[in-house]
Amino acid sequence: LENPPVYVAVNDTSPEWYVQSKTMEDFLLLMAIYNGTLGGLKYNANSLESVKPETVKHIEKNWTEATEISDESQRVFTDNFDEVISLSFDKKSFDKDPTCTGIFIGTSNQQRFDNLLENLAVEWSYISCEDEDSEDGF
């Protein structure tokens with residue numbers, strides 16, 4: 001196929017295969033976002049703590065969800081891909097109110113990054129700028 005679906009397996013001993021992305025193009029975009037928010041973009045931050053429902057609602061209201069690459073356990077939001085926000089959700093909580101268990105953000109623009117940090121009520125586990133400060137001796 002020209003732009004085939006991408007399958008992944010869960011469980012090494014007896015793999016269960018499922019469609020990760022409907023197209024190779026969507027899969028590569030999702031992997032670029034994972035890479036960017038986990039350090040590929042100059043400005044990135046993450047938290048593996050629960051994200052308050054009001055913060056999730058704020059993100060839903062102010063950024064556009066990339067529905068072609070989002071699913072119920074990982075939702076991606078963007079502002080024209082100049083900044084990206086990826087939210088992780090606990091699969092066990094889908095039947096009731098989904099619990100957001102992590103947030104990953106990234107951009108290549110410091111002003112956008114500063115705005116994200118300022119406008120998202122999150123206790124960050126990691127902020128890339130702090131690494132730069134410690135490398136410079138500050």
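Predicted, not measured: the structure shown is a model, and the values here were computed from it. Every heavy atom of this structure was used, including side-chain atoms; hydrogens, water molecules and symmetry mates were not.
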For atom CD of Glu54, is the number of surrounding heavy atoms from other residues, nucleotides or ligands below 6.0 Å larger than 12? yes
I want to check something: taking the side chain as every heavy atom from C-beta on, are Glu60 and Phe77 in contact at a cut-off of under 4.5 Å? yes
Throw together a table of side-chain donor-acceptor distances under 3.5 angstrom for residues 18-36, partners on residues two or more places apart or in other chains.
from: Thr23; atom 1: OG1; to: Asp26; atom 2: N; distance (Å): 3.0
from: Thr23; atom 1: OG1; to: Asp26; atom 2: OD2; distance (Å): 3.3

Over 12 foreign heavy atoms within 6.0 Å of OH, Tyr7: no
Does one hydrophobic cluster hold both Val84 and Val122, with members joined at side-chain heavy-atom distances below 4.5 Å? no
Between Ser86 and Gln74, is a side-chain contact (heavy atoms from CB on, under 4.5 Å) present by the stated rule, with each step listed? CA-CA 7 Å; Ser86 182; Gln74 198 73 33; 2.6 Å; yes
Holding to side-chain contact (heavy atoms from CB on, under 4.5 Å), I want the full list of residues that pass it with Ser125, two or more places apart in sequence or in another chain. Asn46, Ser47
Check against side-chain contact (heavy atoms from CB on, under 4.5 Å), Asp79 and Arg112: CA-CA 10 Å; Asp79 180 2; Arg112 283 180 172 272; 3.1 Å; yes
Hey, does the side chain of Ser70 reach the backbone of Val76 with a donor-acceptor pair shorter than 3.5 angstrom? yes
For residues 100-108, tabulate all N or O donor-acceptor pairs below 3.5 Å that involve a side-chain atom, not counting sequence neighbours.
from: Thr101; atom 1: OG1; to: Ser88; atom 2: O; distance (Å): 3.4
from: Thr107; atom 1: OG1; to: Asp82; atom 2: O; distance (Å): 2.7
from: Thr107; atom 1: OG1; to: Asn109; atom 2: N; distance (Å): 3.2

In Å and rounded to the nearest 0.5 Å, what is the OG to CG distance from Ser128 to Leu41? 9.0 Å
Does one hydrophobic cluster hold both Val51 and Ile85, with members joined at side-chain heavy-atom distances below 4.5 Å? yes
On a heavy-atom basis, which atom in Glu72 and which in Phe89 lie closest, and how many Å separate them? O-CB, 3.5 Å
Same hydrophobic cluster for Leu38 and Tyr43, using side-chain heavy-atom links shorter than 4.5 Å among ILVMFWY? no
Less than 4.5 Å apart, any side-chain heavy atom of Leu116 and any of Trp63? yes
Give a yes or no on this: more than 12 heavy atoms of other residues, nucleotides or ligands lie within 6.0 Å of atom CD of Glu68. yes
Following the transitive rule for hydrophobic clusters with a side-chain heavy-atom cut-off under 4.5 Å over Ile, Leu, Val, Met, Phe, Trp and Tyr, establish whether Val56 and Trp124 coincide in one cluster. yes
Closest approach of Pro5 to Leu1 (non-hydrogen atoms, all atoms of both residues): CD-CD1, 3.9 Å
